[in-house]
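This is the structure, below, for whatever I ask next.
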Amino acid sequence: MKNGDHLFLVDGSGYIFRAYHALPPLNRKSDGLPVSAVLGFCNMVWKLLKDARDTAVGVTPTHFAVIFDYSSKTFRNEIFPEYKANRTEPPEDLIPQFGLIREATRAFDLPCIEMEGYEADDLIATYARLATEAGGDATIVSSDKDLMQLVRPTVSMYDPMKDRQIGIAEVIEKWGVPPEKMIDLQALTGDSIDNIPGVPGIGPKTAAQLLEEYGDLDTLLSRAHEIRQNKRRENLIEYAEKARISRELVRLKDDVPVELPLDALALNPPNGPKLIAFLKAMEFSSLTRRVAEATGTDAAAIEPAYVEVQKGAEAHGPDLTIPATGTGELGAEGEVAPERAEETETPEKLARKLAEAAVGKQFDRSRYVCIRDLEALNQWVAEARETGLLALTAETTSSDPMQAELCGIALATAPGRAAYVPLAHKDGSADLLGGGLVDGQLAIADVLGVLQPLLHDSAVLKIGQNLKYAWLLLYRHGIEIAPYDDTMLISYVLEAGSQAHGLDALSQRWLGTTPLSYTEAAKGRAKTTFDMIELERATIYAAENADIIFRLWKVLKPQLAARGLVSVYERLERPMISVISRMEHRGITVDRQILSRMSGEFAQTAAAMEEEIYRLAGERFTIGSPKQLGEILFGKMGLPGGAKTKSGQWSTSAQVLEELAAEGHELPRRIVDWRQVTKLKSTYTDALPGYINPDTGRVHTSYALASTTTGRLSSSEPNLQNIPIRTAEGRKIRTAFVAAPGRKLISADYSQIELRVLAHVADIPQLKQAFADGLDIHAMTASEMFGVPIEGMPAEVRRRAKAINFGIIYGISAFGLANQLGIPREEASAYIKRYFERFPGIRDYMEHTKAFCREHGYVETVFGRRAYYPEIRSSNPSVRAFNERAAINAPIQGSAADIIRRAMIRMDAALQDAGLGNVQMLLQVHDELVFEAPDEAVERAIPVIRTVMEGAAWPARALSVPLKVDARAADNWDEAH
DNA sequence: GTGGTCTCCTA
DNA sequence: GTAGGAGACCACA
């Protein structure tokens, strides 16, 4: 920005409310979506951009930005917790417009700026200052008095609804003080809407008069005793501190660490097609026409954009998006006033209609195209740009996206319109050296070169099934797919627990068709890699999958809105794809030498143990065979059997063997020890080195996003969520998880997160108080239950209370608790009874949860994620009881899972903002995150990580219990944890 | 080779 | 008592 440049700063959030109340209601004709503020906004911005000379501003902007509030919580809440506390929820028909106006901003190709922790006004103040310092001018498009303190010779305001400019003279005229005294004036008068206290009895007139007389607030307050009017003097003295707090609330922060520099706000010529696509989606016909004329664009040739609609509790933040009801088919014209609007179609009706329409549709495999030249590929790219939608799948040589080589890419741009681009298919007659490639395939680099802009194009939604796989694969090729949707995750949000989410299952369930199986495509050789499959079959298989994904998306996406699950998908699922992909891509270093040494030691120990076991048993047998072991112990040696397994065998579980050992039997003791050693060896020290990726030298686990009922992740190949920790021997395995040289591992874990969630959801005063006070929660429980003082409490008493606390989370039963504690069932029953007497809220919560689940078939987390347990209505008592326990557990486990997801989603940006872009999140273990950081960044990183994790529920939910995170850094995972 | 069973590792 | 993944064994193809 340079001398003479002019920056326009539009107060987007302020405009929304003002336009909503000032403009007549307007609904989109095709679906009744309320859009009056959106139209007002678009008209206003268009006018500012095109006809600034005709408005009171009289200048044409060179720089432009639209600023929004991010959320209601800012640094002001720390100064004054009640700040904006009496803010009410926005009206129902305004909520979707928050997101739409952000979309509109993007359609205008204008920067859309918001920042967590700051209000729009602070960002505006910062940019206005920056513009002035750069020698330019700024116009703040707003009429909010809170912004008037910013007015100066280089900064003015413009009220777009009255077409009126506000400069220094206008501020003085209206308020009786110059702009620089507006802060003091507002500090005195307060503001009931924002809940700023001010001084009672002082309004704008008196305030202006006082400031005129005394100069400024500090002088006034220090000389308040001089004031003659009794009541006014008393109030000024009594409320002096409130006035000072008010001043800090009112004073705008003009040094926000903004992300976008001033130069990034430079105005570009309007992108006619992009803007028109949005305006058409909104069905603003006259503005569409005006924009088309001004930009020389043929509006008729442009398809309406796919526009997502925000709605729900978080809609005034960047949270939550809901798809518009209908995507490309909305051809209706006219900006319809409500009285002319036809009966609105509900999301439910539309979703049902689309679902019904999709079933049994033809799949014509002969129409799938095999793309073998760039011209054809470009044609498909153009199609995707037109529709704004692209379903895709990557075909590769491996199920591990960190090792897989790309064989081809399948695309779909409409139902039935799908193609396959073979890239690296091998000749069937290949020799042992790998043979030649099939002729006529495009080069990977060329194809990715053509696709990259499309995969990055913000106007084209990329749709995948388990998109994480393709995302990570292409990330390895330097491509970050965005924006995107994932049919698997949509299905998971819709039906976690009750249905499968694989492509075949979804296809059968929603489309009524079974896709060509991989085995069929590979002519029965299920093990051959995809590059060995001939092109014709490969095309059918891959293109059909892309086709199915496209059709599934058309059916599934509207279901989210219809079932009120958009926020779950948008806030908890979709963002995880890029977050998890990056984590998997980073991997973690595992020290081969350490594991190899341990394996050797374990081998020796195990061998010695085996000899001793054979001696004690009197024969050699397969110790690892529960069947053979059972025969030795309970047959040959005649030991008393304990529990039976499902298949009627005597159980040889550790618990049974421990009991026998406790009775003095030597062999069971040795078996238990042997099992521990061989378990550690086979599952960990032997297996882990095999997962070290030869290219990266690190271990890259795979996190499943849609495999649990509760919302937890799962980890596999290898599972890094079950690395031993409980025994000293096992724990040593963690020393093999190391930081790279010059770096440290940081482990940050939530303390008692599930019990905290329980205290919140079940609303248990004693638990909440104990957490607020930072007490030992198990000791507190014991003290409450058994009347034992916390100090000097016997360890056994605390242990029992701890078991009960965990039992509650797991949906307690007397049987389970008795088992866990090794006490009679009657005693366990008595404990539970006592617990419920002390904490009746827990019993209420459990009963309420079960009843809710029986009625609805699902339960919900704090954030609205659903877990389905239809079998809670089973007539089989044990099935029913099992589902009841699961239903009690799911909201607790699931809410905790949601919280850490939210932390993970925010983490990278938070670290980046703190200048810690070199701190990398590597692993998640349900309540723990593991990072790798350069030595010198560790001390700065820990507080950032802790802040993000402890604040992860906010602003979606205000937990009534604090979250606590412990974090530590070391060279290896054992010492860091 | 595949799938079921048993056992055991984690939160 | 909740939620997972994996290795070993073993019966079946």
Side-chain angles (χ1 to χ4, degrees), chain A residues 496-497 526-527 621-630 643-657 671-672 674-688 690-691 701-704 707-727 729-731 733-734 749-755 758 803-821 825 828 831-832 846 859 867 869 878 881-894 896-897 900 923-929 973 977:
Chain A
K527 272 186 29 178
F621 66 104
T622 307
I623 306 169
S625 164
K627 189 158 164 264
Q628 292 184 35
L629 177 62
K644 289 267 188 79
T645 68
K646 250 195 303 187
S647 57
Q649 292 269 327
W650 289 112
S651 168
T652 64
S653 69
Q655 194 183 344
V656 170
L657 299 185
I671 300 288
V672 168
W674 177 86
R675 279 199 185 147
Q676 191 200 7
V677 170
T678 53
K679 168 81 181 178
L680 294 176
K681 180 171 186 293
S682 66
T683 309
Y684 301 105
T685 61
D686 286 354
L688 280 172
Y691 287 103
T701 183
S702 176
Y703 287 104
S707 79
T708 72
T709 312
T710 53
R712 274 193 178 180
L713 306 182
S714 74
S715 157
S716 62
E717 294 185 317
N719 180 354
L720 296 186
Q721 291 179 324
N722 71 346
I723 303 304
I725 193 164
R726 288 182 188 179
T727 66
E729 278 291 282
R731 205 178 163 132
I733 289 164
R734 293 192 171 223
D749 67 302
Y750 283 108
S751 161
Q752 308 284 10
I753 187 167
E754 294 192 347
L755 275 176
L758 173 70
I804 296 168
N805 276 334
F806 274 97
I808 295 294
I809 290 170
Y810 297 153
I812 202 156
S813 76
F815 180 83
L817 183 63
N819 236 356
Q820 176 68 31
L821 286 175
R825 191 122 63 102
Y831 282 176
I832 295 168
M846 289 180 160
V859 287
Y869 297 101
S878 68
F882 175 79
N883 278 273
E884 286 175 352
R885 291 193 298 270
I888 287 167
N889 173 255
I892 303 168
Q893 186 185 116
I900 197 166
L923 302 179
Q924 189 252 39
V925 192
H926 308 309
D927 64 0
E928 172 189 13
L929 294 174
W973 197 5
H977 188 82

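Below, chain A is the first sequence line, B the second, and so on; all start at residue 1.
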Would you indicate what Arg712(A) reaches in the nucleic acid, counting non-hydrogen atoms under 4.0 angstrom: base, sugar-phosphate, or nothing?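 The residue Arg712(A) makes base contact.
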Arg675(A) near the nucleic acid: base, sugar-phosphate alone, or nothing, with a heavy-atom cut-off under 4.0 Å?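 Sugar-phosphate: the residue Arg675(A), judged by heavy atoms under 4.0 Å, touches backbone atoms but no base.
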Classify the nucleic acid contact of Ala803(A) as base, sugar-phosphate or nothing, counting any heavy atom under 4.0 Å across all strands shown. base
Answer with base, sugar-phosphate or nothing: what part of the nucleic acid does Ile888(A) contact at a heavy-atom distance below 4.0 Å?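 Touches nothing.
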Using a cut-off of 4.0 Å on non-hydrogen atoms, how would the nucleic acid contact of Ala654(A) be classed: base, sugar-phosphate, or nothing? sugar-phosphate
Indicate, with a heavy-atom threshold strictly under 4.0 Å, whether Gln820(A) touches base, sugar-phosphate, or nothing.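 Answer is base: heavy atoms of Gln820(A) come under 4.0 Å of a base.
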What is the 5' to 3' range of DNA chain C, first to last nucleotide, that sits under 4.0 Å from any heavy atom of chain A? dG1(C) to dA11(C)
Students often get this wrong, so: under 4.0 angstrom with heavy atoms, is Ser714(A) touching a base, only sugar-phosphate, or nothing? sugar-phosphate
Would you indicate what Ser707(A) reaches in the nucleic acid, counting non-hydrogen atoms under 4.0 angstrom: base, sugar-phosphate, or nothing? sugar-phosphate
Which is true for Ile809(A) with a 4.0 Å heavy-atom rule: it touches a base, it touches only sugar-phosphate, or it touches nothing? nothing
Describe the nucleic acid contact of Tyr684(A) in one word from base, sugar-phosphate, nothing, applying a heavy-atom distance below 4.0 Å.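 Touches sugar-phosphate only.
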Check the pair Tyr831(A), Leu821(A) against side chain to side chain contact (heavy atoms under 4.5 Å, CB included), reporting the backbone distance first and the verdict last. CA-CA 11 Å; Tyr831(A) 282 176; Leu821(A) 286 175; 4.2 Å; yes
Under 4.0 Å, heavy atoms only, any strand: does Leu720(A) hit a base, just the sugar-phosphate, or nothing?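 It contacts nothing in the nucleic acid.
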Going 5' to 3' along DNA chain B, which are the first and last nucleotides with any atom under 4.0 Å from a heavy atom of chain A?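 The protein-touched segment is dT5(B) to dA11(B).
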For Gln628(A), which contact category applies under a 4.0 Å heavy-atom criterion: base, sugar-phosphate, or nothing?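 If one applies the 4.0 Å heavy-atom cut-off, Gln628(A) turns out to touch the sugar-phosphate alone, with no base involved.
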Sub-4.5 Å side-chain heavy-atom contact between Met846(A) and Ile808(A):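 Yes, at least one pair of side-chain atoms sits under 4.5 Å.
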Tell me what Gly624(A) touches on the nucleic acid: a base, only sugar-phosphate, or nothing, going by heavy atoms under 4.0 Å.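 Counting heavy atoms under 4.0 Å across all strands, the contact made by Gly624(A) is with sugar-phosphate only.
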Rounded to the nearest 0.5 angstrom, the CG-OG distance for Leu713(A) and Ser702(A) is 10.5 Å
Polar side-chain atom of Thr678(A) near backbone of Arg675(A) as donor-acceptor pair, under 3.5 Å: yes
Nearest 0.5 angstrom please: Asp686(A) CG to Lys681(A) NZ, how far?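 Here the interatomic distance stands at 3.5 Å.
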